[in-house]
Number of protein chains: 2
Amino acid sequence: MGGNSNVADVASLLCEPSRANMLQSLLDGRFHTATELAVIAGITPQTASYHLSLMLELKVVTVKKNGRHRYYQLADGQIAQVLESLLCIAPSEKINSLKKFNQNQAIRFARTCYDHLAGKLGVHLTETMVKMGILHPSGADFALTEEGKIFLTNFGIDVLRAQKKRRSFARCCLDWSERRYHLAGSLGHALLEKLFALSWIEQLPESRAVKVTETGAEGFKNVFAIQ
Amino acid sequence: MGGNSNVADVASLLCEPSRANMLQSLLDGRFHTATELAVIAGITPQTASYHLSLMLELKVVTVKKNGRHRYYQLADGQIAQVLESLLCIAPSEKINSLKKFNQNQAIRFARTCYDHLAGKLGVHLTETMVKMGILHPSGADFALTEEGKIFLTNFGIDVLRAQKKRRSFARCCLDWSERRYHLAGSLGHALLEKLFALSWIEQLPESRAVKVTETGAEGFKNVFAIQ
DNA sequence: CAAATATTTCGGCTATCATCGAAATATGAA
DNA sequence: TTCATATTTCGATGATAGCCGAAATATTTG
């Protein structure tokens, strides 16, 4: 008896370098136009259109039209999870320029993993919340403690709203660069949104890396004792 | 800036149904001959040979020759990890026969995940060991407690030898069927070997499902309070 | 209204991959 | 030594996927 043949279908989404590139770019959680994605993947808009249609059909991405622009983003976090998993095993790309080195460092330090914070900062923040008694590990998830609920509500997160969502609440996501877990799920999403709203972090242009602002450095230090 | 283009290379290993099927079969941790794998994948031995050569070259499988037979197995657990991850997201195959239903149940109940125990039993055993204070979760791994070291040594596992191995010691592996973690790493491997040695479990013919023996049912009940 | 821009569609091309029949090679059994 | 089995190699074939130029369509701008 063989295996689940749908595995090959999922893998085929990612085995084509152009598609893999575009999907990894979409891990930044932003909308991207078709033309932008074409440039990122190094293909013509016609070829990009071909791939995007395929991914739309397979419900991997969603699209919003705004005038003549088509804005694409990841449909949900499932493909992000597979991407992180493949990134765990794929050899790192060779770094042969200072620019690539800096980009690699930035991505490793802090990035969005579709809709939550990943990288060194994401993992560090998660582990700090465990130490502070906000979260505690529970199987493939984190459990939010009572104290944690109070803490995060005071921090400005609508915990109840996050809990009500149908998706997983506080899932562990294996970070490909740190090889440890960061917080995902609707709570991870809410936390990321709050960090942006507070301007503690901001997105870098054309990258899924995020940068900690001066405000953020103060905030992480004062609220989470992270520096 | 795009992503890591090596992701597509890894995914391309699994996007071809024949290869994906063979690799999933190898998750049972056994050796399989080239002809067996051809049958499993529903292709001719020539085609199987073509794919196996490719996977040998990419160091995904290893081969041992014994007379005219060629015995293949997974090189290490990395591709197993990607497979489990893809199985988390891939739609389940439709079950349209009683035989398939039984096979699916067996796989879900207990199976080898290349070199450690997975499925409901694998997860349950892992969670029980956490409750018993043998293991405790620690990031992407489990930490073995002092009591746990004593317990497992008394159970007949050479814990020190497992610790000395260069691979990860007690890694969390996300179980695609339970969506929770089971124990992987060299400790997970040693535990699986012990369960086989005690004849608490045995492999089913032509499947990566494993069956609990009567001896095993007693053993799990008496030693781990699992029933 | 014309020009510019973004995107899609169409048709065709090319490269590559998976397949297998036939044959060759390697090993074991009678 | 011959025959049988397992596996690999070779060469050919067909399918398909990704690509893009040209053109069409949709929307915005001047």
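Labels below follow one simple rule: chain letters A, B, ... track the order of the sequence lines, proteins then strands, and each chain is numbered from 1.
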In whole Å, I'd like the distance from the [atom1] atom of [X] to the [atom2] atom of [N].
X        : N       : atom1 : atom2 : answer
Leu37(B) : dA18(C) : CG    : C1'   : 17 Å
Asn21(B) : dA18(C) : CG    : C1'   : 14 Å
Glu36(A) : dT5(C)  : CD    : P     : 17 Å
His51(A) : dT8(C)  : NE2   : P     : 13 Å
Leu13(A) : dA17(D) : CG    : C1'   : 14 Å
Leu52(B) : dT19(C) : CG    : C1'   : 15 Å
His32(B) : dA6(D)  : NE2   : P     : 16 Å

With sequence neighbours left out, the residues meeting salt bridge (Lys or Arg N to Asp or Glu O under 4.0 Å) with Arg19(A) are none

Between Thr215(A) and Ser199(A) the two heavy atoms that sit nearest each other are CB-O, 4.0 Å

Residues Ser85(A) and Val82(B): closest non-hydrogen pair is OG-CA, 4.0 Å

Taken in chain and number order and not counting sequence neighbours, the residues that satisfy ring-ring contact (aromatic ring centres under 6.0 Å, His included) with Tyr114(A) are none

Across all chains, not counting sequence neighbours, the ring-ring contact (aromatic ring centres under 6.0 Å, His included) partners of Phe196(B) are none

Residues in residues 42-50 of chain A with a heavy atom under 4.0 Å of DNA chain D, by number, are Ile43(A), Thr44(A), Gln46(A), Thr47(A), Tyr50(A)

Check: Thr33(A) side chain, His69(A) main-chain N or O, donor-acceptor pair, under 3.5 Å: no

Practice task
Give a yes or no on whether the backbone of Ala162(A) and the side-chain of Ser186(A) come within a donor-acceptor separation of less than 3.5 Å.
Solution key: yes

Q | Full working for side chain to side chain contact (heavy atoms under 4.5 Å, CB included) between Lys120(A) and Phe109(A) | A | CA-CA 5 Å; Lys120(A) 195 182 185 97; Phe109(A) 175 66; 4.0 Å; yes

Next item on the list: Output yes when at least one side-chain N/O atom of Ser18(B) is less than 4.0 Å from OP1 or OP2 of dT19(C), else no.
Entry: yes

With sequence neighbours left out, the residues meeting side-chain contact (heavy atoms from CB on, under 4.5 Å) with Ala90(A) are Asn4(B), Asn6(B), Val7(B), Val10(B)

In numerical order, the residues of residues 57-74 of chain B whose heavy atoms come under 4.0 Å of DNA chain C are Gly67(B), Arg68(B)

